[in-house]
Visitor: 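There's a structure below that I have some questions on.
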Amino acid sequence: MFGALFKAIRQIGDRRLRGVTLLMILIGIGLHVGLIAIANVVFDASNDEDWSAVLGKLGGFFAVFFIPTYFYPSIVTAIFETLFVERVCVPVESRWYPGRSPARTAPIREATWMAIRLAVVGVVVNVLALPLYIALLITGLAFLLGYAINGYLLGREFYEIVAVRRVARVEADVLRKRYRKSVWLAGALIAFLYTVPLLNLVVPVVATAFMLHLFEHLRAKDSAAALLMLESTRIEEGAS
């Protein structure tokens, strides 16, 4: 898994990725500014009543950090998924997996639907988990819960982004379920990277390349296991 991540990071300086990387940095800065502005609105609104001033300050302080941290990944990934996936996958495949036939490109309608689904599900799940976040805030474990929840969401979404380019959705789902722990851990790692200042601006580019490498590894591993099982079956049948 870490080998796949290192490959993705090593290629971030590829001239073919510079344009999309710069665009993601600009989009990321804009989203951060917008989300922090929303958090500040929540903060200001929470101070309307004198009796709730203390709670309002605490809630506003939490919101300023919570909103960008937990909603940014879903929103920026949805934007990236709709517009820029191929601009990352093609250079990565060209460098590491040459000779492959052209991948299936998802129609705009399908890509948009997947992006909207990610954004909506990500926001809704994090809102529903808000009481748990608040309860765990004093223990310092709120971030771990965020990594677990967003790890599942981001792992699945980035996996689907790259997998359906090469295999049918049914086959992609079977492979994901077979290696669900690897996909979830990869998603948790992506969620962690989203919380690293500055680095989080280029995470969609790194995460897409990372998951593409992981998908190819899992697919090769699965094929090798299937061949080994087939060979074992033939040996058993021959012995009998």
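When reading the values below, keep in mind they use all heavy atoms of this one structure, side chains included, and skip hydrogens, waters and symmetry mates.
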Visitor: Would you mind checking if Glu93 and Arg166 are paired as a salt bridge, meaning a charged N to carboxylate O distance below 4.0 Å?
Guide: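 Judged by the 4.0 Å cut-off on N to carboxylate O distance, Arg166 and Glu93 do form a salt bridge.
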
Visitor: Identify, with sequence neighbours excluded, every residue that meets side chain to side chain contact (heavy atoms under 4.5 Å, CB included) alongside Val167.
Guide: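 By the side chain to side chain contact (heavy atoms under 4.5 Å, CB included) rule, Val167 matches Glu171, Ala172, Phe215, Arg219.
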
Visitor: Return the orientation label for the Tyr97 and His213 ring planes: parallel under 30°, perpendicular over 60°, tilted otherwise.
Guide: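 Taking His213 first and then Tyr97, their aromatic rings sit tilted (interplane angle of 30° to 60°).
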
Visitor: Under 3.5 Å, is there a donor-acceptor pair between the Trp96 and Glu216 side chains?
Guide: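 There is no such pair between these side chains.
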
Visitor: Among Val205, Thr208, Leu23, which residue satisfies the side-chain contact (heavy atoms from CB on, under 4.5 Å) criterion with Arg87?
Guide: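 Option passing the side-chain contact (heavy atoms from CB on, under 4.5 Å) with Arg87: Leu23.
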
Visitor: For Leu17, does its backbone N or O pair with a side-chain atom of Thr21 as donor and acceptor, under 3.5 Å?
Guide: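 Present.
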
Visitor: Taking all atoms of both residues into account, what is the closest heavy-atom pair of Gly155 and Val183, and its distance?
Guide: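 For Gly155 versus Val183, the nearest heavy atoms are O-CG1, 3.4 Å.
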
Visitor: Do Val203 and Leu83 sit in one hydrophobic cluster, given that two such residues count as connected whenever their side-chain heavy atoms are within less than 4.5 Å of each other, even indirectly?
Guide: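 Val203 clusters together with Leu83.
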
Visitor: With sequence neighbours excluded, tell me which residues meet ring pair (Phe, Tyr, Trp, His ring centres under 6.0 Å) with Phe6.
Guide: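 Checked Phe6 against ring pair (Phe, Tyr, Trp, His ring centres under 6.0 Å); zero matches.
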
Visitor: For Leu198, look at atom CG and say whether over 12 heavy atoms of other residues, nucleotides or ligands are found less than 6.0 Å away.
Guide: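 Not more than 12 within 6.0 Å, no.
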
Visitor: Could you tell me whether a side-chain N or O of Gln11 sits under 3.5 Å from a main-chain N or O of Pro91, the two making a donor and an acceptor?
Guide: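 A pair under 3.5 Å: yes.
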
Visitor: So Phe158 and Phe80, would you call those rings parallel, tilted or perpendicular, with 30° and 60° as cut-offs?
Guide: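 The arrangement is tilted - the two ring planes meet at 30° to 60°.
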
Visitor: Please tell me whether Tyr179 and His217 have a donor and an acceptor in their side chains that are separated by less than 3.5 angstrom.
Guide: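 Result is no, nothing qualifies.
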
Visitor: Tell me if a side-chain donor or acceptor on Asp222 pairs with a main-chain N or O of Leu218 at a distance below 3.5 Å.
Guide: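 Not at all, since once roles are kept as given, no pair shorter than 3.5 Å links the two residues.
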
